[in-house]
Amino acid sequence: MTTTTELSEMTGDYVLDSAHTRIGFVARAAMITKVRGQFDEFEGSAHLDGDDPAQSSAELTIQAKSVQTRNQRRDDHLRSNVFLDVDNRRTISFISIGVEQVDETNFKVTGDLTVRGVTKQVTVDFELTGAENDPRGRFRVGFHGKATINRKDWGVGWGRGVVSEKVTLDFDVAAIRQS
């Protein structure tokens, strides 16, 4: 952590700062290279309880159509009914159901991840990367998180072996305290 702020000082309600947050993923393609992508449209909120992190919670809603990999043909394929089916399933969501403090700056956030209308539990490992007041006097926190999932658990298809079933979700989160 890049600050001397105590966890108890972080208690409050937060909203994601979408300009400084990245919701991304990495998957192996053609079994020889990694494809990196991200979602450009999302919103989220969290309640952080620095005195009792287990009482913290978070929610994230992603607009599935906002997927970007810097390749229009691939992005269109990801938006199709074979993968994300954005015409019928507009959002991807994560709602936490538990937070476990591992050590001073690391946490496991377990929640329900819904993709294509299928909900499964996922645990994301988060590290607190910073906490401080910004130049406008607003208190901000930063976290980095990762989780590896099997896309087929959510019915995200294309079983030809060209794209790995394992996908690493990658979160660089900046949030602003509202209260």
Side-chain angles (χ1 to χ4, degrees), residues 1-27 34-64 66-70 84 90-115 118-151 153-154 166-179:
M1 184 166 70
T2 61
T3 180
T4 58
T5 304
E6 297 293 324
L7 282 180
S8 61
E9 297 174 68
M10 294 180 210
T11 298
D13 295 317
Y14 292 79
V15 295
L16 285 184
D17 175 357
S18 60
H20 295 98
T21 296
R22 182 181 178 279
I23 310 295
F25 59 90
V26 179
K34 291 181 180 179
V35 172
R36 299 177 192 284
Q38 67 185 39
F39 294 93
D40 290 341
E41 296 176 30
F42 52 84
E43 57 186 26
S45 62
H47 173 75
L48 301 183
D49 187 326
D51 294 320
D52 185 3
Q55 298 302 312
S56 298
S57 61
E59 292 187 18
L60 173 65
T61 301
I62 299 167
Q63 297 302 314
S66 73
V67 67
Q68 298 290 329
T69 64
R70 298 183 343 183
L84 296 176
R90 297 181 190 274
T91 62
I92 298 168
S93 66
F94 179 83
I95 300 171
S96 69
I97 58 172
V99 176
E100 175 190 350
Q101 184 173 3
V102 176
D103 60 29
E104 189 176 315
T105 59
N106 290 284
F107 304 85
K108 291 187 177 291
V109 179
T110 300
D112 292 330
L113 176 64
T114 302
V115 181
V118 176
T119 302
K120 302 274 185 185
Q121 275 190 9
V122 171
T123 299
V124 182
D125 295 320
F126 276 103
E127 178 186 9
L128 177 64
T129 57
E132 63 186 11
N133 286 315
D134 68 15
R136 294 183 180 171
R138 300 175 299 183
F139 189 75
R140 295 175 167 269
V141 294
F143 290 91
H144 179 256
K146 283 192 177 212
T148 300
I149 63 169
N150 185 326
R151 64 181 170 79
D153 290 344
W154 284 266
K166 290 185 179 183
V167 177
T168 300
L169 306 177
D170 188 48
F171 306 89
D172 284 310
V173 175
I176 303 168
R177 185 163 51 198
Q178 303 297 294
S179 59

What's the shortest heavy-atom distance between [X] and [Y], and which atoms?
X    : Y    : answer
F171 : L169 : CE1-CB, 3.8 Å
L48  : Y14  : CD1-CE1, 3.5 Å
V109 : S96  : CG1-CB, 3.9 Å
Q68  : D40  : CG-OD2, 3.0 Å
E41  : S66  : N-OG, 3.0 Å
Q101 : F107 : CG-CE2, 3.5 Å

Test side chain to side chain donor-acceptor pair (under 3.5 Å) applied to [X] - qualifying residues, sequence neighbours left out:
X    : value
S93  : none
T168 : T148
D172 : none
N106 : D103

Next on the checklist: My understanding is that only residues two or more places apart in sequence, or in another chain, count here; which of them pass ring-ring contact (aromatic ring centres under 6.0 Å, His included) with F25?
Outcome noted: F39
Contact check, side chains of [X] and [Y], non-hydrogen atoms, under 4.5 Å:
X    : Y    : answer
Q121 : I97  : yes
L7   : L128 : yes
V122 : I149 : yes
I23  : I62  : yes
L84  : V115 : yes
Q63  : T91  : yes

Checklist outcome for this item: The salt bridge (Lys or Arg N to Asp or Glu O under 4.0 Å) partners of R36 (sequence neighbours excluded) come to none
Next on the checklist: Among residues at least two apart in sequence or on other chains, which ones pass salt bridge (Lys or Arg N to Asp or Glu O under 4.0 Å) with R22?
Outcome noted: D170
For [X], give me all partners under side chain to side chain contact (heavy atoms under 4.5 Å, CB included), at least two apart in sequence or on another chain.
X    : answer
D49  : T11, H47, D51, D52, Q55, S56
E100 : K108
H20  : D17, R140, A174
S18  : F42

For the [atom1] atom of [X] and the [atom2] atom of [Y], what is their distance to the nearest 0.5 Å?
X    : Y    : atom1 : atom2 : result
E127 : E104 : CD    : CD    : 11.0 Å
L60  : L16  : CG    : CG    : 6.5 Å
I95  : T114 : CD1   : OG1   : 6.5 Å

Item to check | Plane angle bin for F126 and F143 - parallel if under 30°, tilted between 30 and 60°, otherwise perpendicular | outcome: perpendicular
Item to check | R90, CZ: over 12 other non-hydrogen atoms inside 6.0 angstrom | outcome: no
Item to check | Heavy-atom donor-acceptor pair, S45 side chain to E59 backbone, under 3.5 Å | outcome: no
